[in-house]
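The first residue in the sequence is number 1, and the count goes up from there. Below, all heavy atoms of this structure are taken into account, side chains as well, without hydrogens, waters or symmetry copies. In each ligand, atom 1 is the first atom listed, and ligand 1 is the first ligand listed.
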Amino acid sequence: MSKQKKLEKLNKKMSVCNNCKLRKNCSHVVFGAGNPEAKIIFIGEAPGKKEDELGVPFVGSTGRILDKMLASIKIKREDVYLTNICKCRPPENRDPLPEEVAECWPWLEKQIAIISPTIIITLGKYALNSFLPTAKISEVHGKIIDVEIKKIGKIKLFPLHHPAAARINRKTKALFEEDFQKIPNLLQSKKEQ
Ligand code: SF4
């Protein structure tokens, strides 16, 4: 079965998920979007208001920043896969609770297993800490880290600041943009291994 078909099957199951209380107050389960054959998966925290309305991750102002940065390294949104740790919007955009992350985590694991990317890029501290609970974004952003994911094995993680944080803080924006420019080299060096 193709990766596309496997994702479609998974999305169908996710669409009726009621494993945590986030589903009660949201309009859509925002599975993810992009290329099932992607070499990169970008992972944010959870859908925001616009994402929940449209059922698409990284739209609105945050999505525009991401699109601009992707264009700066000559990668299209359709070339990568975009998703979140939690697939349903937390009320008032609060952080997802640990139990909500725990309930949603198996969906993300399944997405990663199907797509089998070269690199996982986490956006923001929340997504980073879902993989590495004690890591500090201020110390590890822009660095490649090997992580072990149950049932999947070792994978390269590349933590970045969240585009929304880059939007409101000049220093974070500079770091985010600088780290982003490292992505083509990471893909290249992985290809040569
Ligand atoms: S957030 Fe995840 S676990 Fe909770 S209802 Fe939505 S899809 Fe299911």
Could you name all protein N, O or S atoms found under 2.8 Å from atom 8 (Fe) of ligand 1? C17 SG

Going by salt bridge (Lys or Arg N to Asp or Glu O under 4.0 Å), name the pairs with one or both residues in residues 120-146, residues two or more places apart or in two chains.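 For residues 120-146: D146-K156.
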
Can [X] and [Y] be counted as having a side-chain donor-acceptor contact under 3.5 angstrom?
X	Y	answer
E109	W105	yes
E53	S27	no
E8	Q4	yes

Between D179 and K182, is the closest basic N to carboxylate O distance under 4.0 Å? yes

Matching residue for C86 among C20, C26, P96 - test: side chain to side chain contact (heavy atoms under 4.5 Å, CB included): P96

